[in-house]
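What follows is one structure encoded as structure tokens, with my remarks underneath.
Predicted model only: the values in this text are computed from it and were never measured. The sequence lines fix the lettering, A, B, ..., with proteins before strands; numbering per chain opens at 1.
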Amino acid sequence: MTALSALIRRDIKIALRVGGGALIGVLFFLTVVVLMPFAVGPDLALLSRLGPAILWLGALLASLLTLDRLFMADHEDGSLDLITMSRTPLELACAAKALAHWIAAGLPLIVATPVLGLLLNLDMVATGAVALTLLAGTPALTFTGMIGAALAVTLHRGGLLMAVLVLPLSIPVLIFGVAASQAVIVGPMTFGAPFSILCALSLVSLVIGPFAAAASLRHGLD
Amino acid sequence: MTALSALIRRDIKIALRVGGGALIGVLFFLTVVVLMPFAVGPDLALLSRLGPAILWLGALLASLLTLDRLFMADHEDGSLDLITMSRTPLELACAAKALAHWIAAGLPLIVATPVLGLLLNLDMVATGAVALTLLAGTPALTFTGMIGAALAVTLHRGGLLMAVLVLPLSIPVLIFGVAASQAVIVGPMTFGAPFSILCALSLVSLVIGPFAAAASLRHGLD
Amino acid sequence: MSLIDLANPTRFLALTARALPWLAAATVILLAIGLYQAALAPDDYQQGATVKIMFVHVPNAWLAMFVWGVMSIASLGTLVWRHPLADVAAKAAAPIGAAFTFLALLTGSLWGRPMWGTYWEWDARLTSVLILFLMYLGLMALWRAVDDPSRAARAAAVLTLVGAINLPIIKFSVDWWNTLHQPASVMRMGGSALDKSFLIPLLVMAIAFTLLFVTLHLAAMRNEILRRRVRSLQMMQASRIAFSSEAGSRSENASNEVGAV
Amino acid sequence: MSGLKQGELQLHGRGLRCVRGGREVFARLDFAAASGEAVAVVGRNGSGKTSLLRLIAGLLVPAGGTIALEGGESELTLAEQCHYLGHRDALKPALSVQENLAFWADFLGGERLDAVESLATVGLDHAAYLPAGFLSAGQRRRLSLARLLTVRRPVWLLDEPTNALDVAGQEMFGGLMREHLTRGGLIIAATHAPLGIEARELRIGGVA
Amino acid sequence: MSGLKQGELQLHGRGLRCVRGGREVFARLDFAAASGEAVAVVGRNGSGKTSLLRLIAGLLVPAGGTIALEGGESELTLAEQCHYLGHRDALKPALSVQENLAFWADFLGGERLDAVESLATVGLDHAAYLPAGFLSAGQRRRLSLARLLTVRRPVWLLDEPTNALDVAGQEMFGGLMREHLTRGGLIIAATHAPLGIEARELRIGGVA
Amino acid sequence: MSLGPYASFIVTSYAAAAVVIAILIGWVVLDHRSLTARLREFDRSGVTRRSGRSAVDS
Ligand code: HEM
Ligand SMILES: Nc1ncnc2c1ncn2[C@@H]1O[C@H](COP(=O)(O)OP(=O)(O)OP(=O)(O)O)[C@@H](O)[C@H]1O
Ligand SMILES: Nc1ncnc2c1ncn2[C@@H]1O[C@H](COP(=O)(O)OP(=O)(O)OP(=O)(O)O)[C@@H](O)[C@H]1O
Ligand SMILES: [Mg+2]
Ligand SMILES: [Mg+2]
């Protein structure tokens with residue numbers, strides 16, 4: 001336990017110092033949200049209809065942009081060697097790293113959602129629904145993205161290849177996240193069904209992600 | 001000249017090998033386009049209205065995801081030291097690196113646009129217009145993004161901070177790119193006006209980008 | 001010939017050389033029968049003649065999933081036993097699977113236009129197949145991007161197994177979410193709901209396509225083994241040049257041929 | 001400080017074969033080391049010294065042969081009883097010296113020494129609150145050495161450990177190695193320079 | 001091969017002061033070196049050897065004092081006449097040995113030697129088509145040395161150049177340095193180990 | 001056999017399937033040819049496999 005909590009604390013500390021703090025995550029999110037109306041055109045009705053989609057895309061982006069180096073940085077400076085040699089099972093260490101990433105990159109977004117909802121013309125209930133889906137769904141983004149991050153180390157490749165491998169896995173999360181939020185805003189579906197699928201996806205990824213990542217790292221040893 | 005063309009060739013080679021080839025860029029673009037309908041919902045009319053915006057967002061994303069390490073990788077392995085010490089002015093070297101990045105990451109997208117237009121229900125003329133605006137506008141994305149990449153080295157920071165710095169700069173490019181494409185699709189504006197602004201933006205960034213990046217790298221020496 | 005023998009690449013090559021002509025012949029014969037029966041099949045009372053698309057669409061859709069299943073099993077072989085032949089099987093299957101998936105998508109869209117009035121609709125079944133296609137492409141890109149085959153194999157294996165989760169989603173998407181797409185009518189609990197006049201040609205075509213896959217897969221595996229042989233010979237040649245320039249100082253460490261040979 | 005003495009350690013490899021990037025690096029390599037013994041792995045550049053250390057540390061999978069540690073703690077794997085000191089120093093520039101060390105101490109677990117004390121031993125106590133990114137090459141190496149001291153592990157795998165150390169640093173390090181050996185540990189070090197302690201030589205790949 | 005002989009080179013720094021991360025590393029440092037001369041910069045870990053080399057290479061800005069090269073090509077800056085060999089080796093793992101070298105030869109420009117020949121000199125010709133990521137530590141170092149040979153520059157700034165080189169490599173490198181000096185070049189090398197050639201000592205920061 | 005109003009869709013599907021399968025077959029066959037040609041090349045230049053057999057033998 002000390003080992004895992006030490007790893008989590010270290011990763012959060014580094015993310016906050018190097019990434020520029022939790023504020024940067026929020027700022028990034030804000031920029032994406034501000035950017036969208038420009039891309040889509042200044043149509044308020046359309047915007048509030050697209051609101052959840054925009055917020056979800058922002059979350060997806062934030063995790064894609066930062067996940068890339070989740071294991072690569074540790075690999076390049078040799079930390080990963082020592083992590084593999086420790087008494088902590090690699091699966092747990094991977095899970096701890098992903099958790100730290102989620103805390104540093106995912107959580108600030110959720111906290112910022114209410115503010116951004118205002119910008120996107122969403123009412124209280126809708127904002128709450130989006131925040132709730134983000135809370136349930138972003139762990140899935142991190143934990144599936146982790147697989148790509150581990151593959152990037154194994155393959156000595158990064159950049160777009162990783163994104164190409166990871167994106168298909170995160171599509172379902174996006175679908176159900178947006179569907180659940182839309183259900184609250186426009187109906188006619190119920191919030192419950194897509195939301196519970198979203199939770200299920202998160203739970204599944206919580207299990208599969210660390211195992212796949214650890215397997216990939218172990219088999220990629222050189 | 002040999003020096004610059006050597007730098008361009010090297011960067012393209014590395015991008016293709018490490019990023020997994022130009023095909024990956026196209027595949028990434030495809031994935032983003034496939035992703036959007038999930039976020040936005042399966043409404044074909046809305047999709048074709050958002051088509052240009054989606055293609056432009058894909059281009060923005062592809063450049064954001066890869067620009068991050070434009071100078072950072074060279075900094076970390078010491079190449080940047082030698083590049084600064086060479087007889088080639090740093091401004092030109094920066095421009096060459098950005099050009100290589102554009103060729104490896106931007107050009108494939110433009111080539112792939114026609115196929116993606118099909119998926120987004122765009123007609124021939126609209127697709128052509130989007131491809132043209134991308135051709136004129138993506139250099140601006142790369143050359144303004146380069147400033148952020150240089151700042152990332154100077155500040156010893158990466159990840160989202162860079163994106164936060166770069167995104168605001170790329171907003172105008174995005175606006176006019178989408179506006180020009182929309183003009184062709186729905187009117188009522190003319191294509192000419194926003195398109196010439198887009199070209200002007202690109203030209204300005206071609207000049208300012210390298211100087212700003214070089215200045216930032218020089219002052220960031222340590 | 002036991003399984004162990006099969007796992008030996010050299011034996012495998014010999015076996016393929018013998019089996020391929022027979023397989024190819026069987027494929028051609030069954031395809032001919034299937035096509036003939038499909039041509040004779042009556043029009044559907046709802047769908048008219050467009051029902052004929054079914055005889056290509058459904059086998060391709062099945063194979064799209066089946067091939068990923070084959071790759072998943074091969075991936076287990078790669079990760080658990082680290083067997084090079086499993087790597088070869090997984091790599092050779094990917095382009096073939098991608099082709100079948102592409103055909104399923106294409107014929108599906110072509111069928112969708114007359115039936116649903118649109119080529120494409122973002123519904124769960126169609127989308128999950130598209131994701132399958134993207135993952136096939138991603139896998140192929142991965143294989144291409146990495147020149148060390150065993151390293152690529154292990155990464156691809158992890159990804160294949162993760163992607164296998166998509167298979168049940170494709171299969172059951174029509175049941176879980178009511179969508180445009182037909183629910184399962186051939187393979188479902190409680191027997192097939194399809195009329196014999198459609199069912200028999202469909203099954204014949206499905207078997208023919210499966211045979212086609214087996215044939216192509218074996219041939220592609222053979223190519224892959226040869227490709228690795230070429231690679232290791234190239235490497236030997238390179239290290240041989242190295243020895244001569246180093247005046248034999250490394251003779252103790254003479255690099256051996258490795259890989260699938 | 002007692003943890004190691006519980007028995008004689010015997011580390012040996014038999015018939016090891018190493019393949020990297022599809023090329024054979026070495027084959028039929030045997031080695032052995034026991035408690036209190038230091039082995040200096042020597043050989044030409046590219047002969048496979050680093051590869052051997054990584055094989056022992058479990059960071060590479062041998063293409064053939066076996067490695068075993070006898071007499072260690074039975075519930076731990078070999079890798080979990082090894083310290084690996086490679087070229088890459090596993091330090092995070094954004095964290096302070098003290099934070100870096102504390103992290104590895106917490107993460108690696110097991111029997112521990114006071115972090116402050118080991119920083120003083122390697123002569124970095126004055127820099128404890130500096131970010132590791134501010135350290136010079138030799139100071140980084142010293143910080144890596146401090147890791148070996150805070151967490152006790154019986155097998156030290158050292159890859160050119162004296163690189164970047166100044167003369168005083170090399171002496172200090174010699175003392176640390178000697179202490180580790182007398183406490184019943186064993187050392188396998190790849191090196192081109194003299195190691196600073198008495199060591200049995202293991203030559204890889206013919207005469208240098 | 002003539003480019004250098006055109007005159008005597010004189011490199012000197014006066015009253016140099018270096019500040020890094022807000023802390024003063026050294027102050028009032030003077031040094032001088034002339035054609036055919038090698039200066040070994042020695043000192044404790046963290047005394048500022050690397051910092052001095054980076055000051056000369058123009059990679060750090062001095063907080064005070066001046067550095068000048070007399071007798072060099074007048075239209076080039078000091079940095080453009082220097083080779084800097086640091087800890088980080090400026091190699092791209094994805095490119096082959098030969099591609100890495102060819103890139104630097106093309107990019108650095110100026111008078112050039114055949115790349116194949118310099119690879120042979122440093123003993124890497126057999127690995128020319130291997131990706132640089134496959135090289136061992138010493139092989140990487142050798143590849144960096146090949147860069148000094150393909151592109152001719154009169155001033156060599158070397159940071160612990162013998163690190164990771166095997167015995168034969170150190171001898172080879174000694175020969176290269178001697179050749180460079182006789183051709184009228186000058187060398188400033190930071191080192192803890194003997195350099196392998198005769199060199200004037202420049203001590204930074206008191207006795208080690 | 002009349003294909004009704006949607007004949008073009010049906011024909012396109014079958015044609016597309018034929019083309020894609022033909023491409024697959026062509027890929028496999030051409031690949032095999034070029035690979036065996038390269039192995040023959042090795043055989044002629046005297047490079048043999050570890051087992052001592054020639055490059056082209058299976
Ligand atoms: C691009 C569009 C389409 C895709 C990606 C697609 C995909 C699939 C897949 C994956 C299967 C196999 C599912 C299973 O075994 O349970 C399948 C079966 C089938 N599809 Fe499609 N399809 C598409 C369009 C259509 C259209 C337009 C029709 C007809 C209206 C259609 C009719 C059928 C039928 C009848 C089956 C057999 C179902 C069974 O008996 O299990 N499909 N399709
Ligand atoms: N990037 C940096 N930022 C701030 N301070 C630094 C940085 N790099 C080094 N320093 C500090 O500058 C001083 C001199 O460092 P330098 O690397 O020049 O030492 P050195 O003499 O080369 O030491 P070594 O023998 O260990 O290589 C050290 O005290 C170090 O803490
Ligand atoms: N990551 C890698 N991938 C493929 N081959 C590698 C890799 N690392 C090293 N090699 C090869 O393995 C051989 C042994 O490398 P290793 O690093 O073990 O040598 P070494 O004895 O430590 O050399 P040095 O004295 O230079 O440190 C070298 O020929 C090298 O080319
Ligand atoms: Mg080594
Ligand atoms: Mg130094």
Taking the side chain as every heavy atom from C-beta outward, state whether E/R23 and D/L130 have any pair of such atoms under 4.5 Å apart. yes
With a 4.5 Å cut-off on heavy-atom pairs, point out which of E/R20, E/Q170, E/R142 contacts chain D the most. E/R142
Does any backbone or side-chain atom of E/R141 lie under 4.5 Å from a heavy atom of chain D? Answer side chain, backbone, both or neither. neither
By a 4.5 Å heavy-atom criterion (distance strictly below it), what part of D/L165 contacts chain E: side chain, backbone, both, or neither? both
Locate the shortest heavy-atom distance separating D/S136 from E/G46; write the atom from each residue and the value. OG-N, 3.3 Å
Just by distance, do the side chain of D/N45 and the backbone of E/A164 share a donor-acceptor pair under 3.5 Å? yes
Between atom CG of D/N163 and atom CD of E/E160, what is the distance when rounded to the nearest 0.5 Å? 7.5 Å
Spatial distance of atom NE2 (E/H87) from atom NE2 (D/H87) [nearest 0.5 Å]: 13.0 Å
Contacting region of E/A193 [heavy-atom separation from chain D under 4.5 Å]: neither
